[in-house]
Amino acid sequence: MLDVVPVMPVVVLDDLAHAVPVARALVAGGLPVIELTLRTPVALDAIRAIASEVPEILVGAGTITTPAHAKEALDAGAQFLVSPGTTRSLLHAMQDTGLPFLPGTSTVSEVLAAREAGCTEMKFFPAEASGGTAYLKAVASPVPAARFCPTGGITLASAPSYLALSNVGCVGGSWITPADALAAGDWDRVTRLAAEAAALR
Ligand code: 3PG
């Protein structure tokens, strides 16, 4: 999951009609992956629409915070799952779907719990607030098998310092799909932001 794109677009969608155009705009910019967060009432329908109408994008469900979310996302056609944090039941529910997933971690104990469950790839969230690149550098030595998608507070300007780390495969961020661009239906802007992000690697 971490080696597909340098930046995973994290998307909060309020309007179901925006799902397909935003997915197409990301693909046009060279980022054929979307993490659709389960934070709005339309999120599952948006995943369903993207999965059926934009087959060239890898569509995942983010903000998996309950075991039920994992099953609902699978049923909606999600191809991967991302959680902001990790509990035992959340880990099991994501594993039970058979989908690739990134469990959220922000402490070494959570990283070790994810490793015990067989995960090598995980999200580091909230990245900036939890220690940023300094944390990731410090964790690389004791837990070299863990690789991360840091997310939370990362920008186009700060992404390269994360991507330079040996244990970072990609970063996540919402800056590629800003709320005002979505509200205005400015898909060209989303494509431009995606292209800038895609060029980071
Ligand atoms: C997430 O869920 O991963 C974050 O909300 C994204 O963080 P950002 O908005 O700071 O990029």
Side-chain angles (χ1 to χ4, degrees), residues 1-2 4-14 18-19 22-23 25-26 29 31 33-44 46-47 50 57-66 69-70 72-73 76 78-87 90-91 94 99-107 110-111 114 119 121-136 146-163 165 167-183 189-190 192-198 200-201:
M1 276 311 311
L2 300 188
V4 188
V5 286
V7 182
M8 172 96 74
V10 178
V11 180
V12 181
L13 214 62
D14 289 309
H18 293 161
V22 81
L26 292 170
L31 288 184
V33 182
I34 182 168
E35 179 190 326
L36 219 300
T37 58
L38 301 189
R39 294 183 201 174
T40 61
V42 303
L44 288 170
I47 290 170
I50 293 168
I57 203 165
L58 200 57
V59 56
T63 321
I64 300 280
T65 55
T66 67
H69 279 158
E72 287 163 3
Q79 294 161 289
F80 66 93
L81 306 174
V82 184
S83 68
T86 302
T87 68
L90 213 45
L91 265 176
M94 291 194 287
L99 296 174
F101 65 96
L102 299 176
T105 61
S106 65
T107 67
E110 288 163 356
V111 172
C119 302
E121 298 188 340
M122 45 200 92
K123 171 167 168 161
F124 170 47
F125 178 81
E128 284 287 291
S130 303
T133 55
Y135 171 91
L136 289 163
R147 295 180 70 232
F148 297 90
C149 172
T151 306
I154 299 177
T155 63
L156 180 70
S158 63
S161 58
Y162 283 92
L163 292 170
L165 300 176
N167 56 352
V168 170
C170 64
V171 302
S174 61
W175 83 84
I176 300 138
T177 55
D180 59 336
L182 299 186
R189 183 169 161 216
V190 172
R192 280 197 305 276
L193 291 166
E196 274 176 352
L200 288 174
R201 186 158 58 206

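Note that ligands are numbered from 1 as they come in the structure, with each ligand's atoms numbered from 1 the same way.
Within the structure, the closest approach of Arg39 to ligand 1 falls below 4.0 Å when heavy atoms are considered.
If you number the atoms of ligand 1 from 1 as listed, the ones under 4.0 Å from a heavy atom of Lys123 come out as 1 (C), 2 (O), 3 (O). When each atom of ligand 1 is checked for a heavy atom of Gly173 under 4.0 Å away, the hits are 11 (O). Residue Ser174 approaches ligand 1 through these ligand atoms, each under 4.0 Å from one of its heavy atoms: 8 (P), 9 (O), 11 (O).
Residue Glu35 does not touch ligand 1, judged by heavy-atom distances below 4.0 Å. When heavy-atom distances to ligand 1 are checked against a 4.0 Å cut-off, Phe125 comes that close only through its side chain, counted from C-beta outward.
Side-chain atoms of Pro160 and Leu200, non-hydrogen and from C-beta on, do get closer than 4.5 Å to each other. In this structure, Thr37 and Val11 have side chains that are not in contact, with every pair of non-hydrogen atoms separated by 4.5 Å or more.
With hydrogens left out, the protein atom closest to atom 6 (C) of ligand 1 is Thr151 CG2, 3.6 Å, a heavy atom. Given atom 10 (O) of ligand 1, the protein heavy atom at minimum distance is Gly153 N, 2.7 Å. Atom 7 (O) of ligand 1 has its closest protein heavy atom at Gly152 CA, 3.5 Å.
Here the OG atom belonging to Ser106 is positioned 9.0 Å from the CZ atom belonging to Phe125, to the nearest 0.5 angstrom. Atom-to-atom distance recorded for Asn167:CG and Arg147:CZ is 8.5 Å, nearest 0.5 angstrom.
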Please determine whether side-chain contact (heavy atoms from CB on, under 4.5 Å) holds for the pair Thr107 and Thr105, giving the CA-CA distance in whole Å, both sets of side-chain angles, and the decisive distance to 0.1 Å. CA-CA 6 Å; Thr107 67; Thr105 61; over 6 Å; no
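Taking every heavy atom of both residues into account, Leu136 and Pro150 meet most closely at CD1-CG, 3.7 Å.
No donor-acceptor contact under 3.5 angstrom links the side chains of Ser161 and Ser158, judged on distance only.
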